[in-house]
Each structure stands twice: as structure tokens, then as C-alpha cells.
Amino acid sequence: MRQLRKAKRKDGAKQLKDKELCNGPSKLCQALDIPRCFDRRDLASDPEVWLERDPSAAPEEISNIVSAPRIGIESHGEWAKKPLRYYILGHPCVSVRNKDAERTVESEMVKKNLDSVQLPLLV
């Protein structure tokens, strides 16, 4: 990944930190050598494209997932505001955070925790 990302950077650029290798769609494609011919492919139905879970990683709680509008596509009309960008709340590799979406997720997590708390019955 470092070699592939280095090939796309200017000579003399500082070395990338681990969290900077894939923190964004373009950087991820560079690091994994995914060519532009994969643009617009449907990850849910394309037989040549698939996602795999790290078998040693613990599954994320669905409540930790932030859903926000994508970045840098303001000129794409109605698609610019759709929540098509997902990331794990608080993950250090997130390139740009959406504070409003994060506050929504955090408040839902607090509400969920409060709903699950058993209060003592007062007599």
C-alpha cells in the first residue's frame, strides 16, 4: 500500500502515517490498486466485486455507524445531500468528520443506553 500510494505522490513528500494510507475513497483505490474501470460498479450485485470482514476483528455495533452526505460532490444535485458516506464513530482513520451526524449518533446511543437501564421501583 505504501508503494502504491507513494507512486501517486510528489517527490520529496513526507512519509504517510498508517492512518493516512486509506483514509478516503481515492486513497483507498490507490492503496489497493483499484482501477477507474471499477467506478459505478454495484458492490451488492457485481460478482467480480466483494467485501470481506476481517475474521479476527470484533463486529461493530450498528449504533456506532455514522451516516452522512458524501464530501466534495456539492455539484451533483440531489445526490449531494443523500447520506451515502458511512464510517465508524471515533475511528482515527476517518478523513473528514461530520459533526452533526456524529451528534445524532451519539444522542441515539445515549437514548438507547438510558432505555436499557433498569430503574429501581420506588414504593
* Asked: For the atom pair CE (M1) and CG (D18), what is the distance rounded to the nearest 0.5 Å?
  -> 9.5 Å
* Check whether any side-chain heavy atom of V110 lies under 4.5 Å from a side-chain heavy atom of E106, and answer yes or no. => no
* Report the residues that fulfil side-chain hydrogen bond (donor to acceptor under 3.5 Å, both in side chains) with R70, sequence neighbours left out, ordered by chain and then residue number. => none
* Structure fact -> Those residues at least two apart in sequence (or on a different chain) that pass salt bridge (Lys or Arg N to Asp or Glu O under 4.0 Å) with K6 are none
* **With E48 via salt bridge (Lys or Arg N to Asp or Glu O under 4.0 Å) - residues at least two apart** => R41
* To do: Decide yes or no for L21 and K27: does some side-chain heavy atom of the first lie under 4.5 Å from some side-chain heavy atom of the second?
  => no
* **Any donor-acceptor N/O pair, R5 side chain to C22 backbone, under 3.5 Å** => no
* Structure fact -> For S67, the side-chain contact (heavy atoms from CB on, under 4.5 Å) test, sequence neighbours excluded, returns P83, Y86
* How would you list, by chain and number, every residue that makes a side-chain hydrogen bond (donor to acceptor under 3.5 Å, both in side chains) with D42, sequence neighbours excluded? -> S45
* **Closest non-hydrogen atom pair, A13 against R9** => CB-NH2, 3.3 Å
* To do: Using the rule that two of Ile, Leu, Val, Met, Phe, Trp, Tyr join whenever any of their side-chain heavy atoms come within less than 4.5 Å, decide whether M109 and V66 are in one cluster.
  => yes
* Asked: Does L16 offer a backbone N or O that forms a donor-acceptor pair with the side chain of R2 under 3.5 Å?
  -> yes
* Asked: Listed by chain and number, what are the side-chain hydrogen bond (donor to acceptor under 3.5 Å, both in side chains) partners of R103, not counting sequence neighbours?
  -> D100
* Asked: Quick one: side-chain hydrogen bond (donor to acceptor under 3.5 Å, both in side chains) partners of E102, sequence neighbours excluded?
  -> Y87
* **Residues K82, I73; criterion side-chain contact (heavy atoms from CB on, under 4.5 Å); working and verdict** => CA-CA 11 Å; K82 294 195 183 281; I73 64 162; over 6 Å; no
* To do: Tell me, please, which residues at least two apart from K81 pass side-chain contact (heavy atoms from CB on, under 4.5 Å).
  => none
* Go through the structure and list residues passing side-chain contact (heavy atoms from CB on, under 4.5 Å) with L4, not counting sequence neighbours. => D33
* **For D54, all residues meeting salt bridge (Lys or Arg N to Asp or Glu O under 4.0 Å), sequence neighbours excluded** => none
* To do: State plainly whether one hydrophobic cluster holds both I88 and V105, where clusters connect Ile, Leu, Val, Met, Phe, Trp and Tyr through side-chain heavy atoms under 4.5 angstrom apart.
  => no
* Asked: Under the side-chain contact (heavy atoms from CB on, under 4.5 Å) test, which residues partner C29, sequence neighbours left out?
  -> I34
* Taking the side chain as every heavy atom from C-beta outward, state whether K17 and N23 have any pair of such atoms under 4.5 Å apart. => no
* salt bridge (Lys or Arg N to Asp or Glu O under 4.0 Å) partners for R53, two or more places apart -> none
